[in-house]
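Take a look at the structure below.
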Amino acid sequence: MASRFNALKADTHWQQVWDESQTFAARDDSPKPRSYVLEMFPYPSGKIHMGHVRNYTMGDVLARFRRMTGHEVLHPMGWDAFGMPAENAAMEKKVHPGEWTRQNIAAMKAQLKRLGFALDWSRELATCDPSYYGHEQSLFLDFYRAGLVYRKESAVNWDPVDMTVLANEQVIDGRGWRSGALVEKRKLSQWFLRITRFADELLAGLGSLEHWPDKVRLMQENWIGKSQGLQFRFALSDGESVEVFTTRPDTIFGASFVAVAADHPIAQALASRDPAAAAFIERCKQGGTTAAELETQEKLGYDTGLTAAHPLGAGELPVYIANFVLMEYGTGAVFGVPAHDQRDFEFASKYALPIRRVVADGERSDAAFDGTEAYTGPGHLVNSHFLDGLAVEEAKRIVIERAEREGWGQGSTVYRLRDWGVSRQRYWGTPIPIIHCSACGEVPVPREQLPVALPEDVSFDVPGNPLERHPSWKHVHCPQCGGAALRDTDTLDTFADSSWYFIRFASQPEDRPFDRAQAERWLPVGQYIGGVEHAILHLLYARFWTRALRHVGLIDLAEPFTGLFTQGMVTHETYKAADGRWLAPEEIGGGVELATGAPVMVGRVEKMSKSKKNTVDPAPIVDQYGADAVRWFMLSDSPPERDLEWSENGIEGAWRFVQRLWRLFDALGEGEAGKGADAALDRKLHQTIAGVAADVEALSFNKAVAKLYELVNAIEKAAPSASRDAAVRTLVQLVAPMVPHIAEEAWALLGGQGLVADAPWPKVEAALLVEDEVIVAIQVNGKLRDTLTLPKGLAREDVEAAALANDKVARLLEGRAPRKVIVVPDRLVNVVA
RNA sequence: GCGGACGUGGCGGAAUCGGUAGACGCUGGGGACUUAAAAUCCUCUGCCAUCGGCGUGCGGGUUCGAGUCCCGCCGUCCGCACCA
């Protein structure tokens, strides 16, 4: 009697078996080839969402597949456990951030286990654990001693109500995202990691990452933003000088003004004695920074009255304070060439400054520029004395050479990338292990005093940093002189925590961050999988941290992740009531809102988010359909890099497939053995073995799923035979990486040895991949007219003869001889009439 | 504005080297089984149509042959953004 597959029972049973036998623990001393498969570890927010399920399912299929193909697989999981939500929870719910975090970890761990992921839980780590962040402090101090860490005054977004620094992303329309208070720019002493020292390496390293998406490499390249040009000085009429940077030194004779940023020292100095200048600077700061505002904002300037002497003797240029010059980029000052830079053009037009052509655009070479916009294309130099006639690139080189020879400037490379500010005025993070002594200055905490642990007895009743106002924690003796000193009360940006966790997974000794030899055996991560939202920050910081570790001699590794895959989001329909309120799927039924009976508008399919109320909680779905159906749905249909729309029909379909599999497995267990061979099914089976393997390796799970459907369709249609029985047995192994619970159940039922999780991937018989007959397309003038089934490898003449003998071809030729016949062996014949 | 990706049935998508477009799944139609329903099974499902024709965003081109290559448009999405 056929039974239904009881997913709930099977899930629980096999998850327990895997757990007890430590099936997925990676062995450090294994002689097998190694494979490190990693998904970005989650923030323990409370419960897992569909995005996690999709992410971890993909990694899991690859990890399980690699085990079956003979690899020793490291597939660990941990928790990115520091961060603001824990402190927000502490303020709102009066619960300690640590307690809140640990409860969330426990809940989410249970949910991940419920999905049957092949994870090595023995290596689990949480970044909020002193046994993790203590080692991070020691790495920070290694970097400090190597000169990769420094402290400087820097402007930050300060929320005066919450009394904390906000990241740029947390400032919305000039206000704090939580408090709604107007954000102030404040100067604070902050710690910085010298990522810019590695800018060139990080840029060059992108070239070696062939298994990264081009998109991510390009985003990092743009973020690093390398520009080469000339940095040089203008002597000013007050006896001082101003340094400018340009990527277009070739246009130096087209300069008609110099402009400095509002917070440039020259502007600040002027403001202190000129109230109008001060007012102008104030006005510059008020400008919005959104795309639309920048687009429409007028170029404004304030004439300082100073003039700058052109270094090549081409007169005196007026010096302006301008709202479009950024202090953060280059030197905070530019020289304006209106004919060949659009901003300079707009500025010069407004203030009636000369616009002189120095690069000919095609036929135009006169100095009087009458265009309506700047010309930035290629050309040769004109109206430029000794540069006349030279191509742009040549002219750049010659001007730089001359500046260097004459000593007024030098060739220079400027990056958009800034050093990484890591100080956060918050409690729930890694304490910065530095002590401030009035006599000795900055003193690193001695290694034997690490970890600098967070105090547990803190309160969140009032805004601000609890570490700052804790009665005793910050008061210490200076490790050098023994005098009274203060701990740094800032904590590290949580991106520091996620910059090396993948190394700690590979090796976790108690007394140091990691064992070099062991870490080098596992790393780099061969396949890293996560969301594209981390394309820049996390992935750039982790690359930097790895290079910094190499710089201080802790590991011989340049790139942490050789393979990267960015998966798409999980989306869902949105629903709105007539008054614009978002409605959750469970609030509607039959096209109306259940509570009011009012009609519902179906909105766009969007990323699942709480604000749009279109989330679907995985937990009840897993309980209803079982882990395998959920996993199967996550892999079906949509290519993994694209968005996947959650749908009720989709999960139903996946569940039906699991039941179909079970009917095949169960019938084989019950029925009589089939006899005889089925050559066509044998061929299909072996094509599927090879095809699914290739698709999984390429992370093309949707294609692997389609091939498995085809095989199942073929098996179901096939008459009983020994081949059919063998195909069903092999199918168990083929689906095992994707739907492991039903696969274990079937493996046990059909008398398999041990666990299917430990079974090898089926062997492909190469001879069976080759078809002995082929279907050849018959075209006339490129249009398909018929197909012929012919023996594979038939000679060209015979194929051509068969095509010309075809009656449809004969009819279309109407007795004429073909002008030409194209034969593609085993594929097609095209008769050109 | 700069940079990038993408555009294939009612929907998600497949077509790996320029060689039979639409595999596979979903939705929908018809039928079988059932007292009935669910489940399951069979079958059809790009468009127009009688032969046949038309079809991969639009317009050109290369080719015996173009979803795939080239040129020019249109649209959607993503990243960055006054970067000198």
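Just so it is clear, the model here is predicted, and its values are computed rather than measured. Below, read A as the first sequence line, B as the second, and so on, with proteins coming before strands; counting in each chain starts at 1.
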Parallel, tilted or perpendicular, judged at 30° and 60°: which one describes the rings of A:Phe657 and A:Trp632?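 Rings of A:Phe657 and A:Trp632: parallel, as their planes differ by under 30°.
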
May I ask you to say what A:Ile775 touches in the nucleic acid, namely base, sugar-phosphate or nothing, with a heavy-atom cut-off under 4.0 Å? base

Select base, sugar-phosphate, or nothing to describe what A:Asn323 touches, counting heavy atoms under 4.0 Å on all strands. base

Hey, does the side chain of [X] come within less than 4.0 Å of [N]'s phosphate (OP1/OP2), counting only N and O?
| X | N | value |
| --- | --- | --- |
| A:Asn830 | B:G19 | no |
| A:Arg642 | B:G12 | no |
| A:Arg827 | B:G65 | no |
| A:Tyr329 | B:A84 | yes |
| A:Lys703 | B:A15 | yes |

Which label fits B:C17, syn or anti, where anti is any glycosidic angle not within 90° of 0? syn

Taking O4'-C1'-N9-C4 for purines and O4'-C1'-N1-C2 for pyrimidines, is B:G9 syn (within 90° of 0) or anti? syn

Measure from [atom1] on [X] to [atom2] on [N] and round the result to the nearest Å.
| X | N | atom1 | atom2 | result |
| --- | --- | --- | --- | --- |
| A:Arg416 | B:C80 | CZ | C1' | 6 Å |
| A:Lys215 | B:G4 | NZ | P | 12 Å |
| A:Asp341 | B:G1 | CG | C1' | 12 Å |

Quick one: pull up CG in A:Leu812 and CZ in A:Arg785 and give me the separation to the nearest 0.5 Å. 5.0 Å

Same-atom distance (P) from B:G46 to B:C24, integer angstrom: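 Nearest-Å result for B:G46 against B:C24 at atom P: 12 Å.
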
Among B:G3, B:G13, B:G25, which nucleotide has an atom closest to any side-chain atom of A:Asn222? B:G3

With a 3.5 Å cut-off and just heavy-atom distances, do the side chain of A:Lys707 and the base of B:C24 make a donor-acceptor pair? no

